[in-house]
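Below is one structure, written out as structure tokens; the observations come after it.
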Amino acid sequence: MSRPYISVEIDRNVRSMAKNRCGYCLSPQKLVMARLEIEHIIPVSKGGSSEESNLWLACPICNSHKAGKIEAIDPVTDEVVALFNPRTQVWVEHFAWAEDGIRILGKTPTGRATVRALSLDSDFDALEVRSYWVQAGWHPPKD
């Protein structure tokens, strides 16, 4: 399946609105060695459009874990809930940084389901890189 065309203008707008960081793990473009990807909040495979209102930034790790998912099971309630929408929801209402500054914790059913579905607390590569960012004093983000 070919990737839908995203215009340069929409790409620029999304990157600006997202403050050039992943909507899920908050990794900033300046620290990620790959270009942050324009992701479809509702994937095209699930009927999502390439309209700007359905697009946000994701790092390659988060985007690969999210893939075609739009919902997941909250591990506390065992209920199926929608994944976090970085365009319309506020990150700090659904997530917090663990004391070590490396792992992301879910605070709500949406947050917990998203943490599990995107491996925000367990992806080895992401945890290792974040540990170096913490040592350098660059992480976790202050805002």
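Just so it is clear, the structure is predicted and the values come from calculations on it, not from any experiment.
- The backbone N or O of Ile73 lies less than 3.5 Å from no partner atom in the side chain of Glu79, so there is not a single donor-acceptor pair.
- Between Lys66 and Glu39 a salt bridge is recorded (basic side-chain N to carboxylate O distance below 4.0 Å).
- Counting heavy atoms from C-beta on, the side chains of Pro109 and Val81 come closer than 4.5 Å.
- The closest side-chain heavy-atom distance from Leu57 to Arg15 is below 4.5 Å.
- From Ile42, atom CD1 reaches atom CG of Asn54 across 5.0 Å, with rounding to the nearest 0.5 Å.
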* Test side-chain contact (heavy atoms from CB on, under 4.5 Å) on Arg130 and Ile104 and set out the steps. => CA-CA 11 Å; Arg130 283 188 213 134; Ile104 297 172; 4.2 Å; yes
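- Counting only N and O atoms by type, the side chains of Thr77 and Asp74 include a donor and acceptor under 3.5 Å apart.
- Residues Leu55 and Ser50 approach most closely at CD1-O, 3.5 Å, considering heavy atoms.
- Listed by first then second residue, pairs satisfying ring pair (Phe, Tyr, Trp, His ring centres under 6.0 Å) with a partner in residues 97-124 read Trp91-Trp97, Trp97-His139, not counting sequence neighbours.
- Using modelled atom types, no side-chain atom of Ser16 and backbone atom of Asn13 make a donor-acceptor pair closer than 3.5 Å.
- A 4.5 Å side-chain heavy-atom check between Ser27 and Trp133 finds at least one atom pair inside the cut-off.
- Surrounding CD of Glu99 are at most 12 heavy atoms belonging to other residues, nucleotides or ligands under 6.0 Å away.
- When atom types are taken as modelled, the side chain of Lys46 and the backbone of Ile70 share no donor-acceptor pair closer than 3.5 angstrom.
- Considering CG of Leu83 and CG of Leu118, their distance stands at 6.5 Å, rounded to 0.5 Å.
- Remark: side-chain polar atoms of Gln29 are paired, donor with acceptor, to backbone N or O of Ala34 under 3.5 angstrom.
- Here the straight-line distance linking atom OH of Tyr24 with atom CH2 of Trp56 works out to 10.0 Å at 0.5 Å rounding.
- Asn20 places none of its side-chain heavy atoms less than 4.5 Å from the side chain of Pro28.
- The two residues Ala58 and Asn63 make their nearest non-hydrogen contact at CB-CB, 3.9 Å.
- Trp138 and Leu36 fall within a single hydrophobic cluster, where Ile, Leu, Val, Met, Phe, Trp and Tyr are joined by side-chain heavy atoms under 4.5 Å apart, directly or via other members.
- For Lys19, the NZ atom counts as loosely surrounded, since its 6.0 Å shell holds 12 or fewer non-hydrogen atoms of other residues, nucleotides or ligands.
- Under the 4.5 Å side-chain criterion, counting only non-hydrogen atoms from C-beta, Val115 is not in contact with Leu105.
- Taking each heavy atom of Asp123 and Ala126 in turn, the nearest pair found is OD1-N, 2.9 Å.
- We find the CD1-OH distance between Ile102 and Tyr132 to be 10.0 Å, quoted to the nearest 0.5 Å.
- With Glu37 as reference, Pro60 is the one residue of Pro60, Cys59, Cys62 to meet the side chain to side chain contact (heavy atoms under 4.5 Å, CB included) rule.
- Taken together through direct or relayed side-chain contacts under 4.5 Å among Ile, Leu, Val, Met, Phe, Trp and Tyr, Met17 and Ile6 form parts of separate hydrophobic clusters.
- Between Arg103 and Leu127, the closest side-chain pair of non-hydrogen atoms falls below 4.5 Å.
- Ring centers of Phe95 and Phe84: under 6.0 Å apart, within the cut-off.
- For Leu26 against Pro141, the heavy-atom pair with the smallest separation is CB-CG, 4.0 Å.
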* **From CA spacing to verdict: side-chain contact (heavy atoms from CB on, under 4.5 Å), Val129, Val32** => CA-CA 9 Å; Val129 169; Val32 177; over 6 Å; no
* **side-chain contact (heavy atoms from CB on, under 4.5 Å) between Lys30 and Arg21, intermediate numbers included** => CA-CA 9 Å; Lys30 66 184 178 184; Arg21 65 184 183 185; over 6 Å; no
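- Partners of Arg35 under the salt bridge (charged side-chain N to carboxylate O under 4.0 Å, His left out) rule, at least two apart in sequence or in another chain, are Asp11.
- Between Arg87 and Val14 there is a side-chain heavy-atom pair separated by less than 4.5 Å.
- Applying the side chain to side chain donor-acceptor pair (under 3.5 Å) test between His94 and each of Thr110, Thr114, Thr108 identifies Thr108 as the sole match.
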